[in-house]
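I have placed the structure first, in the form of structure tokens, so that the comments after it can refer back to it.
All residue numbers in this chain count up from 1 along the given sequence. Here the structure is a predicted model, which is why all the values come from computation and not from measurement.
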Amino acid sequence: MLWIKAFHIVFVASWFAGLFYLSRIYVNLAQVPGGSSAEHARLMLMARKLLRFTTLLAVPAVLLGGWLWLGYGIGRGPGNGWMHAKLALVLLAIGYHHACASLYRKFAAGRNTRSHVWFRWFNEVPVLLLAAIVVLVVVKPF
């Protein structure tokens, strides 16, 4: 079980690192001047590759987490309300990942209407999610 747990932590950390940087690329994309096609193309290439890689990291993170939860019963039973809260936050993280993919498609189609300020706030969401998830797992407050 410790091997599963270790790889789960590695994939979760890597997945979130990708989400942190991907949303930062969106901040930069939103700031690209209209006539700067080379800069836009370079950032889009980076975003596309990072989105694919981050998705590849998310899949084993979620599968290994499911294995720990279902296969070993971690977080089940009385006194494990923290796990329900954690699972809700994981669903939000998956939703955030999907939102990143949707935003990429909007940038690719030239339909982004959001400002770099909006993306700066959007960029903070995975930090808050990860912090809350780690606190729930370590502290197990309820």
Exercise. If every non-hydrogen atom of A30 is compared with every non-hydrogen atom of S115, which pair is closest and at what distance?
Worked result: CB-C, 4.0 Å

Problem set entry | Residue W67 excluded, over 12 heavy atoms near CH2 under 6.0 Å | no

Problem set entry | Smallest separation among heavy atoms of I25 and L43, with atom names | CG2-O, 3.7 Å

For this session: State whether the side chain of Y21 and the backbone N or O of F16 hold a donor-acceptor pair below 3.5 Å, judged by distance alone.
Result: no

Problem set entry | Listed once per pair and sorted, the side chain to side chain donor-acceptor pair (under 3.5 Å) pairs that draw on residues 43-56, sequence neighbours left out | T55-H97

Problem set entry | Nearest atoms (heavy-atom pairs only) where A47 meets Y26 | CB-CE2, 4.1 Å

Exercise. Taking atom CZ of F53 as the centre, does the number of heavy atoms from other residues, nucleotides or ligands within less than 6.0 Å exceed 12?
Worked result: no

Problem set entry | V134-M83 co-clustered via ILVMFWY side chain contacts under 4.5 Å | yes

Problem set entry | Transitive ILVMFWY side-chain link W3 to V137, under 4.5 Å | yes

Exercise. Within a reach of under 6.0 Å around OH of Y96, are more than 12 heavy atoms found that belong to other residues, nucleotides or ligands?
Worked result: yes

Seminar exercise, completed: d(S36 OG, R42 CZ) to nearest 0.5 Å is 8.5 Å

Exercise. Is there side-chain contact between L87 and W69, with at least one heavy-atom pair below 4.5 Å?
Worked result: yes

Under 3.5 Å, side-chain donor or acceptor atoms of residues 118-131 against the rest of the protein: list the pairs with distances, not counting sequence neighbours.
| from | atom 1 | to | atom 2 | distance (Å) |
| --- | --- | --- | --- | --- |
| R120 | NE | H116 | ND1 | 3.3 |
| N123 | OD1 | S23 | OG | 2.5 |

Problem set entry | Approximate separation, where rounding is to 0.5 Å, of M46 CE and N28 CG | 8.0 Å

Exercise. Under 4.5 Å between any side-chain heavy atoms of P60 and H8, yes or no?
Worked result: no

Exercise. If two hydrophobic side chains count as joined below 4.5 Å and joins carry through other members, does I133 share a cluster with F142?
Worked result: yes

Problem set entry | Cluster overlap L64 with V138, hydrophobic side-chain contacts below 4.5 Å | yes

Problem set entry | Approximate separation, where rounding is to 0.5 Å, of K86 NZ and W82 CH2 | 6.5 Å

Problem set entry | Cluster overlap L68 with V10, hydrophobic side-chain contacts below 4.5 Å | no

Let me have the donor-acceptor pairs involving side chains of residues 101-108, under 3.5 Å, with sequence neighbours excluded, atom names and distances please.
none

For this session: Indicate the atoms forming the closest heavy-atom contact of L50 with G18, along with that distance.
Result: CD2-O, 3.6 Å

Exercise. Below 4.5 Å, heavy atoms only, C-beta onward: do I94 and V62 meet side chain to side chain?
Worked result: yes

